[in-house]
Amino acid sequence: MNFATAYFVAVTCVSPLMAQNAPVAAAKPVAAPKMQTNERLKALQMASDMAQYGIAKKQPMLLVSAAQILIENPVGNLKVEKEEQSKDADAKPNAADKTTKSAQTVAFTSKDLLAKAQEMAKGDATVLAAIQKTEASKAPEVAFGGAISGSVHTTRRVDGYSRYSFTCTYVGGRLAEMYLKGDGDSDLDYYLYDSYGNLVDSDEDSTDSAIFRWYPNSTMTYRVVVRNRGGTYNVFQILTN
């Protein structure tokens, strides 16, 4: 089975908010129509799911496969410049909320996934050989998509009953994609705003993952707000095209 044929998402997060004083009359980006996520982003999304499942089920070969996908679909390191976190004034604590972590968080890089796989392998020769072969793989250049610096990835933490926000800059006229995925320990809601304060898209379901796709009319900095509806912190990934 070829695990390297699959999934992911878009943007390069950096830059402060643009045109703070621009007239609100400026048209907000038009939401992208329903469409298939490009194959490269699908692969990254699949690698993320595979790594999380492999850690939970103690299956090191899944981490090796996820690392191979990351090598074949490289992403840059996302440097978020404008980020804020604060307690959510509208939070409504629930008695059923988790107060302890169940997820094991490992950095979403091929190096860290292979290191974790080696730890889990406990000397298994088959796994160690697969790790060595994957480490020898050569990566292509980072692909350019909607984000201004190319496809990127980073991990951030949002505390329980808190909100976290960050800004990202996208290129006008290109499809912008962003994939956000938590560690599974709480419900996260996501909100995407343009630099004029218009709500472009949101995801308020009962999960901690979301995919945003849209076409910026012009190069613009967007703000993403992440609201943690649960009582424990959540470590979430930001992946962009």
Side-chain angles (χ1 to χ4, degrees), residues 1-14 39-80 83 98 100-143 145 147 149-159 164 166 178-186 188 208-209 226 232-241:
M1 176 180 181
N2 182 7
F3 288 108
T5 316
Y7 81 25
F8 174 27
V9 178
V11 127
T12 290
C13 297
V14 294
E39 292 302 311
R40 185 171 178 281
L41 299 186
K42 284 183 182 179
L44 292 171
Q45 189 175 347
M46 181 180 182
S48 173
D49 293 341
M50 190 182 299
Q52 191 169 1
Y53 186 82
I55 292 171
K57 299 299 181 180
K58 296 180 170 52
Q59 297 184 25
M61 285 301 294
L62 288 179
L63 273 66
V64 176
S65 297
Q68 183 64 47
I69 293 173
L70 292 183
I71 291 172
E72 294 174 358
N73 299 274
V75 292
N77 182 30
L78 182 61
K79 296 180 180 179
V80 178
E83 53 185 329
K98 296 178 182 178
T100 57
K101 299 296 290 180
S102 65
Q104 298 181 38
T105 304
V106 174
F108 191 58
T109 68
S110 59
K111 180 179 179 180
D112 289 298
L113 291 178
L114 291 175
K116 183 64 177 178
Q118 184 167 353
E119 175 189 323
M120 294 167 63
K122 297 180 179 179
D124 186 301
T126 301
V127 177
L128 295 178
I131 291 173
Q132 186 175 27
K133 181 179 179 181
T134 302
E135 287 176 332
S137 301
K138 293 184 179 180
E141 294 183 0
V142 175
S149 300
S151 183
V152 294
H153 166 268
T154 194
T155 300
R156 286 295 187 271
R157 165 178 166 159
V158 57
D159 294 334
Y164 169 88
F166 62 94
M178 179 183 290
Y179 174 53
L180 302 129
K181 179 180 175 62
D183 60 23
D185 276 348
S186 64
L188 299 182
D208 63 353
S209 63
V226 183
T232 188
Y233 73 86
N234 194 308
V235 177
F236 66 98
Q237 299 175 42
I238 307 166
L239 293 165
T240 74
N241 70 340

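What you see is a predicted model; the values in this text were computed from it and never measured.
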*Asks:* Rounded to the nearest 0.5 Å, what's the gap from CD1 on I55 to CD on E119? Could you check?
*Replies:*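 Going from CD1 on I55 over to CD on E119, the span is 9.5 Å.
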*Asks:* What are the two closest non-hydrogen atoms of Q237 and S48, and how far apart are they?
*Replies:*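 Looking at all heavy atoms of both residues, the closest pair is NE2-OG, 3.3 Å.
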*Asks:* How far apart are the closest heavy atoms of G184 and D208, and which atoms are they?
*Replies:*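 Heavy atoms only, the tightest pair is N-OD2, 2.6 Å.
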*Asks:* Supply the atom-to-atom distance F108 CZ to Q52 CD, rounded to the nearest 0.5 angstrom.
*Replies:*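 So the gap between those two atoms works out to 10.0 Å.
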*Asks:* If you apply the rule side-chain contact (heavy atoms from CB on, under 4.5 Å), what do you find for L239 with K181, and how did you get there?
*Replies:* CA-CA 9 Å; L239 293 165; K181 179 180 175 62; over 6 Å; no
*Asks:* Nearest 0.5 Å, what's the CD1-OG1 distance between I238 and T155?
*Replies:*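 Here the interatomic distance stands at 8.0 Å.
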*Asks:* Taking D183 for its side chain and N234 for its backbone only, find out whether a donor-acceptor pair lies under 3.5 Å.
*Replies:*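 A pair under 3.5 Å: no.
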*Asks:* Would you tell me whether E72 and S137 have side-chain atoms, one donor and one acceptor, within less than 3.5 Å of each other?
*Replies:*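 There is no such pair between these side chains.
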*Asks:* At what distance, to the nearest 0.5 angstrom, does OG of S209 lie from CZ of F236?
*Replies:*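 Between S209 OG and F236 CZ, I get 12.5 Å after rounding to 0.5 Å.
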*Asks:* If you look at every heavy atom in L113 and L70, which pair is closest and at what distance?
*Replies:*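 Taking every non-hydrogen atom into account, CD1-CD1, 3.8 Å.
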*Asks:* Is there side-chain contact between L188 and L180, with at least one heavy-atom pair below 4.5 Å?
*Replies:*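 When only atoms from C-beta onward are counted, L180 and L188 do not touch, as no gap falls below 4.5 Å.
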*Asks:* Tell me every residue that passes side chain to side chain donor-acceptor pair (under 3.5 Å) with D124, counting only those two or more places apart in sequence or in another chain.
*Replies:*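 Once residues adjacent in sequence are excluded, D124 has no partner under the side chain to side chain donor-acceptor pair (under 3.5 Å) criterion.
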*Asks:* For the CD atom of Q68 and the CD1 atom of I131, what is their distance to the nearest 0.5 Å?
*Replies:*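 Rounded to the nearest 0.5 Å, the CD-CD1 separation comes out at 12.5 Å.
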*Asks:* When rounded to the nearest 0.5 angstrom, what is the spacing between CD1 in I69 and OG in S110?
*Replies:*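 Going from the CD1 atom of I69 to the OG atom of S110 covers 12.0 Å.
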*Asks:* Considering residues at least two apart in sequence or located in another chain, which fulfil the salt bridge (Lys or Arg N to Asp or Glu O under 4.0 Å) criterion with E135?
*Replies:*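 For E135 there are no salt bridge (Lys or Arg N to Asp or Glu O under 4.0 Å) partners, ignoring immediate neighbours.
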*Asks:* Given side-chain contact (heavy atoms from CB on, under 4.5 Å), test L114 with V64 step by step and report yes or no.
*Replies:* CA-CA 6 Å; L114 291 175; V64 176; 4.3 Å; yes
*Asks:* Using side-chain heavy atoms (C-beta onward) and a distance below 4.5 Å, is Y164 in contact with R156?
*Replies:*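 The answer is yes; the side chains approach within 4.5 Å.
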*Asks:* Can you name the nearest heavy-atom pair linking S65 to M50, along with the distance?
*Replies:*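 So the two residues come closest at CB-SD, 3.5 Å.
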*Asks:* Restricting to salt bridge (Lys or Arg N to Asp or Glu O under 4.0 Å), what partner residues turn up for D159, sequence neighbours left out?
*Replies:*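 D159: salt bridge (Lys or Arg N to Asp or Glu O under 4.0 Å) contacts with R157.
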*Asks:* What are the two closest heavy atoms between A117 and V127, and how far apart are they?
*Replies:*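 Closest approach of A117 to V127: O-CG1, 4.2 Å.
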